[in-house]
Amino acid sequence: MAYDCLIIGGGLAGLTCGIKCRREGLRTAIISSGANSLHFSSGSIDLYGYTPEKNPVATPLEYIEGIAAVNHHHPYAKIGTAVVAEAIEFFISEAAVGDIALHRNGRENHFHVTGIGTLKPTYLSQASVFNERIRSAWENKIPIAILNFEGYRDYYAEIAVEQLKRQPLFADTEIITGRIRIPRLARPERNPHEFRSIDLARIFETEKYLPRIAGEINAVAGKAGIVCLPSFLGIRNFGAIHARLEELTGRIIYEVPSLPPSIMGMRIDDALKRRFAALGGEFSIGDTVTGGEIVNGSVDHVHTKSYGTTRHHSSSFVLATGSFFSSGLRSEFNRIEEPVLNLSVNAPQKRNDWYAARFFEPSSHPFLEYGVQTDDNLKAIDAKGNMVNNLYCAGSILGDYNPIREASGGGVAIATGYHAALMITGKGAMRQK
């Protein structure tokens, strides 16, 4: 099997890279071991949310412009602000083809409400999380109803209300809570306390129960002009469902990210995979790349668990396997390693240096910044310190940034995946030290 580009990892970085490579006419394949981090995400795209002092960043692209002066190893510093901005525009347009309309607040961050009622800065959100009507409703103190389904145990509206009222923006806003009933399903014997977000999304997906659910909402929402619900509004037909539910209730329906599996994250995952397939990309899911061989400074081939000794050849490779969560990095007792090609990792081998003494350490834990080392073009560095000519790294496999503390994970994934595609297609600018 031979390709122009073979991408190891089918998350946000890998899919962005794959779509761009296919748009440029390259024979491209993605090998993915299974569910990616989008299934655990909020469904919004964070570009850069917080300074090191934990202050919210107002204009992330402008802030990214100055990162190189502070941390020239940061992925954003390596690829440059112009590529980051170009990547975001590309992602918005490709997501739209997949029926995901992403909204933003000009060049500024906006916030989304979390499941516990805190406010988190982000850059791109789905229409049910941010649009001009929602922004106006917040600013004009429109009464809010935060509702949950009876029996759904992964969301507690009362906690969300308590936290939300602590936010200055909502201090003078009337906020009420209530519960609505889950419609009877084809399996009425099932205990409603067993339901998870994916079960409820399937109820909404059919549209069959929308009038009944709208009636339940109107019965408990009082004079609220905006109704916050856990994100259940379907995975593929969510746009029509959202519009229909707003029409039936006469209210703004706001989706709050639910605990995994994340319905809003699954929407983006589904849309990107369908887009990649529609462009002719080859997607192998449920397989794991177990190793490969570097010959004369370039990756010659990789092999996978399912295909044994079969060699998968490609002109270029992209490593987008993620961090510890998705086994892109692996820790032994006194060793952190990249398990596919044994690449160089920016991690000390002394275990006590991997974490802070306090779990909720304000400056975060050191291991969150560990990752594969690359040159300024995101080409991987092998265990001997040599650059691998045809292997690019993208997403959270990269080190020298903290996606949690910075709130930058989605933006880095998109921008570095896009950058890798530019380099492979010859449209990226080579950077020299």
Side-chain angles (χ1 to χ4, degrees), residues 11-17 19-21 23-24 44-96 102-111 120-125 130 268 318 320 346 368-369 371-380 392-433:
L12 191 55
L15 286 165
T16 301
C17 183
I19 291 169
K20 178 60 177 174
C21 284
R23 284 286 303 270
E24 298 297 329
S44 293
I45 302 297
D46 301 336
L47 190 54
Y48 209 106
Y50 296 104
T51 69
E53 297 75 31
K54 295 299 290 181
N55 296 317
V57 171
T59 52
L61 284 171
E62 282 74 5
Y63 188 85
I64 290 169
E65 188 72 45
I67 283 179
V70 179
N71 177 10
H72 66 275
H73 294 298
H74 196 291
Y76 282 151
K78 289 182 176 181
I79 65 178
T81 310
V83 172
V84 176
E86 185 179 319
I88 291 297
E89 297 301 327
F90 173 81
F91 186 81
I92 291 171
S93 64
E94 293 300 318
L102 294 170
H103 293 246
R104 56 184 159 178
N105 185 28
R107 294 177 65 86
E108 296 184 358
N109 277 326
H110 57 274
F111 69 83
K120 186 175 184 296
T122 192
Y123 194 66
L124 299 176
S125 288
F130 181 78
I268 295 177
V318 178
N346 68 332
L368 290 170
E369 298 188 24
V372 170
Q373 293 186 302
T374 71
D375 73 354
D376 286 349
N377 298 298
L378 301 188
K379 288 185 178 181
Y392 294 90
C393 296
S396 56
I397 189 68
L398 294 164
D400 297 305
Y401 81 110
N402 190 316
I404 305 301
R405 187 179 64 205
E406 299 170 359
S408 62
V412 168
I414 291 167
T416 56
Y418 182 81
H419 168 84
L422 289 181
M423 301 303 292
I424 292 167
T425 59
K427 295 190 174 182
M430 292 290 293
R431 304 187 71 182
Q432 304 293 332
K433 287 188 178 181

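When reading the values below, keep in mind they use all heavy atoms of this one structure, side chains included, and skip hydrogens, waters and symmetry mates.
Listed here is the closest heavy atom pair of Thr416 and Gly395: OG1-N, 2.9 Å. Contact record, Tyr401 with Ser396: OH-CA, 3.3 Å, taken as the closest heavy-atom pair. The two atoms that bring Gly411 and Ile45 nearest to each other are N-CG2, 4.1 Å, heavy atoms only. The heavy-atom pair separating Ala420 from Cys17 by the smallest distance is CB-SG, 4.1 Å. Gly49 and Asn109 make their closest contact through CA-ND2, 4.2 Å (heavy atoms, listed as atom of the first residue, atom of the second, distance). Nearest heavy atom pair, residue Ser408 against residue Asn402, reads OG-O, 4.1 Å.
With contacts defined as side-chain heavy-atom distances shorter than 4.5 Å, the pair Arg405/Leu368 does not qualify. With a 4.5 Å cut-off on side-chain heavy atoms, His110 and Thr122 count as touching. You'll find the side chain of Met423 stays beyond 4.5 Å of the side chain of Leu378, heavy atoms only. Looking at Glu406 and His74, their side chains come closer than 4.5 Å, going by heavy atoms from C-beta outward. A 4.5 Å side-chain heavy-atom check between Tyr392 and Leu422 finds every atom pair outside the cut-off.
Within the model, atoms OH of Tyr123 and CD1 of Ile92 stand 7.0 Å from one another, a figure rounded to the nearest 0.5 Å. The line from OG of Ser93 to CG of Leu102 is 10.0 Å long, rounded to the nearest 0.5 Å. The distance from the CZ atom of Phe91 to the CG atom of Leu124 is 7.5 Å, given to the nearest 0.5 Å.
Remark: His73 engages no residue in a ring-ring contact (aromatic ring centres under 6.0 Å, His included) (not counting sequence neighbours). Residues that satisfy the ring-ring contact (aromatic ring centres under 6.0 Å, His included) test with Phe90, not counting sequence neighbours, are Tyr418. For Glu24, the salt bridge (charged side-chain N to carboxylate O under 4.0 Å, His left out) partners two or more places apart in sequence, or in a different chain, are Lys20, Lys427. The side-chain hydrogen bond (donor to acceptor under 3.5 Å, both in side chains) test applied to Asn346 returns Asp400, not counting sequence neighbours. Under the salt bridge (charged side-chain N to carboxylate O under 4.0 Å, His left out) criterion, Glu89 pairs with Arg104, sequence neighbours left out.
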May I have the list of side-chain donor-acceptor pairs in residues 54-65 shorter than 3.5 Å, sequence neighbours left out?
| from | atom 1 | to | atom 2 | distance (Å) |
| --- | --- | --- | --- | --- |
| Glu62 | OE2 | Arg107 | NE | 3.1 |
| Glu62 | OE2 | Arg107 | NH2 | 3.2 |
| Glu65 | OE1 | Thr81 | OG1 | 3.2 |

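Panel note: side chain Asp375, backbone Asn377; a donor-acceptor pair is recorded below 3.5 Å.
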